[in-house]
Amino acid sequence: MPERPKGSCIPMTDLATIAARFAIPAPIGSIQPLGRGLINDTFLIESGGSQYVLQRINGAVFSDPSRIMANLRTLQSHLIDRKPQALRLPSLIPTSEGDNYLIDDASGSWRLQEYIPDAVTLERIADPFQAREVGAMLGRFHQSTASLPTDRLSISLPGFHDTPGYFGRLVQSYASVRISDPAIDDCLDFVVSRSTLASLLEQAHGAGDIPSRVTHGDPKLDNILFHGVTGHAIALIDLDTVQPGLLLHDLGDCLRSCCNRSGENTDDSITPRFDLDICDGILSGYASTTADLLRPAEIALMYEGIRLLPFELGMRFLTDHLDGDRYFRVEAHGQNLHRARVQFALVADIERQAEQIEQLILTHFAG
Ligand code: GN1
Ligand code: MG
């Protein structure tokens, strides 16, 4: 994989020049870095009294940004027809030439989106109301896209949830680097002792038990916007990974992010925990907006999906650490190893609470 572009090095004057090429009022006002994303470079732009989100799409990850843009258009027009309540997606602002995105002199792809006003993101879930709101939002997304045939969407990121593929690449990277680090060896033992988990959902999908559906791909807490006053979840952002996939990948990813109250970058003094009350709230909200959507096999495999996503992300972080931090943004070498350990600790806590999680699934989805 090529080196990731270094977003923090983009001079502000260049950013202003890029922003001015979109159909927004001149002159461009303030420009600030925005969000905690690990892949794209994101900036908040002010112009003509309005705010916008300017993003450079990481070309080392997304080789064909036109697919992302086509998917966004397909999704937006599907949702406009259906008008689901309280499911807003940020709209795209075209370039002055009427294109959906622009390519700069260094072949970087840029796009501009509206900045949804009155909305906030949460760093942590604080109460059951917020947990329910998260689940209800993800459910609304799945329910309202269930009638969009998956073949109308392109694959924007091939192999994105190919867990067996991630497993293979981790084993390969481990074999090819010559570092001796007990922390890495422990992680690898943890992964290898659970190798059968990697292919569980793929197999069920291959056997026709669980269908391909429209997925968000990255429904972590940062990507859900809440109304600043009412506290209701109102919008989903970061739609680059919207593509055909498995519903259980989305649900598992949302839970691994939200139920880990200490976040993806906790320090070593904190043992990451999978919070059952938050899980309860999210599943209850999700069940309330997805009546009859889930197949029995999806419900039967839900626990494994919850266990799988932190397992997969842990493997991705660990591989990137071994490969020299080429995929996920880091502040220092070692951060991806640490992130991997947090995800594996979460897997272990999920396994420790397996019975209670299965019980919550039964409570919300049986019958
Ligand atoms: C990446 O860029 P960001 O933070 O939205 C990653 C997700 C991971 C997430 C972990 C395209 O998302 O898959 O779950 O980091 N996105 C991609 O924080 O790989
Ligand atoms: Mg993302």
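Computed over heavy atoms, backbone and side chain alike; hydrogens, waters and symmetry mates excluded. For ligands, and for the atoms within them, numbers begin at 1 and follow the listed sequence.
Checked against the 6.0 Å centroid criterion, the rings of His161 and His249 qualify as a close aromatic pair. If you look at Phe328 and His321, their ring centroids are not closer than 6.0 Å. The ring of Tyr286 has its center no closer than 6.0 angstrom to the ring center of His364.
Residues Gln55 and Asp41 have side chains not in contact (no heavy-atom distance under 4.5 Å, counting atoms from C-beta outward).
The count of protein N, O or S atoms under 2.8 Å from the Mg ion (ligand 2) stands at 2, with waters excluded from the count.
Annotation: Arg140, atom CZ; neighbour count of heavy atoms from other residues, nucleotides and ligands within 6.0 Å is above 12. Counting heavy-atom neighbours within 6.0 Å of Arg67 CZ, excluding the residue itself, gives a total above 12.
Under the 4.0 Å criterion applied to side-chain N and carboxylate O atoms, Asp189 and Arg194 are not assigned as salt-bridge partners. In summary, Arg213 and Glu298 engage in a salt bridge, as defined by a charged side-chain N under 4.0 Å from a carboxylate O.
Across all their heavy atoms, Leu197 and Arg307 have their closest contact at CD1-NH2, 3.7 Å.
For ligand 1, the 4.0 Å heavy-atom shell takes in Gly37, Leu38, Ile39, Phe62, Leu157, Phe160, Asp218, Lys220, Asp238, Thr241, Arg256, Glu264, Leu313, Arg316, Tyr327, Phe328, ordered by chain and residue number.
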